[in-house]
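Below is one structure, written out as structure tokens; the observations come after it.
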2 protein chains.
Amino acid sequence: MPGGPRQRGRYHHGDLPSALLDAGLEQLATAGPAGFSVAEVARRVGVSTAAPYRHFTDRDGFLAAVAARAAERLAAAVAAAATDDDPRDRLAAAAGAYAVFVAEHRTGFDVVYAPALRAARDADLAAAGRAVMALFLDPAREIAGDGALELTEQVVALAHGYATLDAEGFLTADRVTDVPTATRARRAARALIDGAAG
Amino acid sequence: MPGGPRQRGRYHHGDLPSALLDAGLEQLATAGPAGFSVAEVARRVGVSTAAPYRHFTDRDGFLAAVAARAAERLAAAVAAAATDDDPRDRLAAAAGAYAVFVAEHRTGFDVVYAPALRAARDADLAAAGRAVMALFLDPAREIAGDGALELTEQVVALAHGYATLDAEGFLTADRVTDVPTATRARRAARALIDGAAG
DNA sequence: GTCTATAGAGCGATAGAC
DNA sequence: GTCTATCGCTCTATAGAC
């Protein structure tokens with residue numbers, strides 16, 4: 001390897017789009033969607049601030065592509081956790097996994113369905129969004145039938161609330177218990193499901 | 001009234017700090033805490049971008065003062081809604097009122113307890129935060145006793161999730177029902193409370 | 001107490017060299 | 001396909017006139 005990588009000087013890259021997406025995930029996780037900066041991502045990768053615009057149309061197009069990748073991972077994380085046979089356990093586990101992933105990666109339904117990103121018309125993002133939604137809707141249908149939409153909304157809101165409050169440091173600030181967020185969110189979801197479905 | 005107000009030219013003001021706070025509430029509601037801009041608030045009021053710095057130390061100090069005023073109104077809104085004798089109804093009503101207010105004014109526990117604003121050490125903000133919290137904690141104690149903290153966390157997370165998803169347009173996007181957010185959040189909270197407390 | 005003016009920074013996006 | 005360089009914009013915050 002002659003010459004270290006990530007140097008500030010001249011060089012070019014193997015697969016810049018992929019490297020940009022990877023760095024974009026980190027940037028999204030640390031700065032959130034509002035603070036997401038194309039220039040900062042370019043800096044992380046070690047290319048000029050102009051380079052990303054060769055591969056993505058504009059900031060929102062880039063952010064949509066990053067969000068799509070994040071949403072795919074979110075779907076995978078939720079699917080990996082929601083494996084119980086009992087639909088109530090499965091739905092509750094989905095909520096717990098959602099809360100933790102979204103707190104950590106700052107990409108949930110708020111980002112996936114953000115109006116600004118809808119304009120980007122990213123097919124991957126839309127597909128990933130539907131995939132995540134299905135992981136909540138499917139067990140909700142088994143539990144509540146016609147009331148599945150309402151139950152899904154309730155459980156998603158609960159999980160999203162845990163995610164955002166945790167990301168903001170609210171839940172961990174004056175913590176009394178050391179029960180992890182995933183468990184607390186899952187328990188809360190289970191209580192909600194039991195209370196809603198009787 | 002000689003000479004219209006809000007002109008771009010020279011003039012001075014009756015009570016600029018109060019006018020800045022009022023405009024700051026609007027700015028916070030529309031742009032959210034991340035997009036909150038001192039310059040934009042000054043423009044709304046019709047003064048120079050330097051004027052606010054005569055009355056507030058810096059951006060975060062100003063934002064903390066605005067958030068304090070918002071939090072006081074949040075406490076009032078929740079208190080006005082949570083009047084039931086039955087503590088379960090009262091807690092659920094608090095959740096519904098919280099969801100609506102926070103969706104509309106973009107000031108909830110995430111802003112009140114934001115690390116960046118803690119540095120401003122605004123006593124009003126801290127007091128308002130405790131006042132809101134008490135409105136959840138008090139009925140939770142009646143319902144759950146030792147489990148009040150856990151129940152409060154669950155209900156607050158649920159209400160906050162409704163608020164953020166509604167603010168992001170997620171709940172209203174492909175709405176099937178026309179039941180208002182306040183009612184849906186309250187119902188969800190009631191189900192959660194019943195499920196948690198048996 | 002409010003103004004004008006400005007410094008200094010960051011970002012989005014484009015033009016043109018290589 | 002990546003670079004350098006740059007424009008135009010917005011923002012925070014300060015200095016000094018009035």
Side-chain angles (χ1 to χ4, degrees), chain A residues 2-24 26-28 30-67 114-117 119-120 122, chain B residues 3-24 26-28 30-67 114 116-117 119-120 122:
Chain A
R6 304 289 148 101
Q7 284 287 64
R8 215 65 194 84
R10 86 174 63 256
Y11 77 108
H12 70 130
H13 214 281
D15 187 356
L16 183 56
S18 175
L20 287 170
L21 287 175
D22 284 341
E26 283 181 48
Q27 162 74 356
L28 183 53
T30 58
F36 185 85
S37 153
V38 178
E40 177 61 28
V41 175
R43 237 172 272 128
R44 282 196 202 215
V45 173
V47 297
S48 78
T49 60
Y53 292 93
R54 285 286 129 185
H55 304 279
F56 303 97
T57 65
D58 57 10
R59 178 198 184 263
D60 281 352
F62 182 27
L63 179 52
V66 173
L117 298 193
D122 187 306
Chain B
R6 305 287 146 100
Q7 284 287 63
R8 214 68 194 82
R10 87 175 61 256
Y11 77 109
H12 69 132
H13 213 279
D15 186 357
L16 184 54
S18 175
L20 287 170
L21 287 175
D22 284 341
E26 283 182 48
Q27 162 74 355
L28 182 53
T30 58
F36 185 86
S37 152
V38 178
E40 176 62 26
V41 175
R43 238 172 270 127
R44 283 196 201 214
V45 173
V47 297
S48 79
T49 60
Y53 292 93
R54 283 286 128 186
H55 304 279
F56 303 96
T57 64
D58 58 10
R59 178 198 183 264
D60 281 353
F62 182 27
L63 180 51
V66 174
L117 298 193
D122 187 306

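The chains referred to below are lettered A, B, ... by the order of the sequence lines, with proteins before strands, and numbering in each begins at 1.
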Margin query: Looking at every non-hydrogen atom in both residues, tell me the closest pair between B:G24 and B:V41 and how far apart they are.
Written below: N-CG1, 3.9 Å
Next item on the list: For A:E40 and C:dA13, give me the distance from atom CD to atom C1', rounded to whole Å.
Entry: 17 Å
Check: Within the structure, does a side-chain N or O atom of A:S37 lie under 4.0 Å from either OP1 or OP2 of C:dG12?
Finding: yes
Note to self: I want to verify a distance call: between D:dT2, D:dC11, C:dG12, whose nearest atom is closest to the A:L16 side chain?
What the structure shows: D:dT2
Next item on the list: Rounded to the nearest angstrom, tell me the gap between atom CG in A:L20 and atom P in D:dG1.
Entry: 13 Å
Note to self: Quick check for you: to the nearest 0.5 Å, what is the distance between A:T30 atom OG1 and A:R44 atom CZ?
What the structure shows: 4.5 Å
Note to self: In whole Å, I'd like the distance from the OH atom of B:Y53 to the C1' atom of C:dA5.
What the structure shows: 15 Å
Notebook entry, point to check: How many angstroms lie between atom CG of B:L20 and atom CZ of B:R54, to the nearest 0.5 angstrom?
Noted result: 13.5 Å
Margin query: Short of 4.0 Å, heavy atom to strand atom, which residues of residues 54-64 of chain B count as contacting DNA chain C?
Written below: B:R54, B:H55
Margin query: Which heavy atom of B:A67 sits nearest to which heavy atom of B:L117, and what is that distance?
Written below: CB-CD1, 4.1 Å
Checklist line | Straight-line distance of A:D122 CG to A:L63 CG, nearest 0.5 Å | finding: 10.0 Å
Next item on the list: State which of D:dC3, C:dA5, D:dA5 makes the closest approach to the side chain of B:A50.
Entry: C:dA5
Next item on the list: Mind listing the closest non-hydrogen atom pair of B:F36 and B:A31 along with its distance?
Entry: N-CB, 4.3 Å
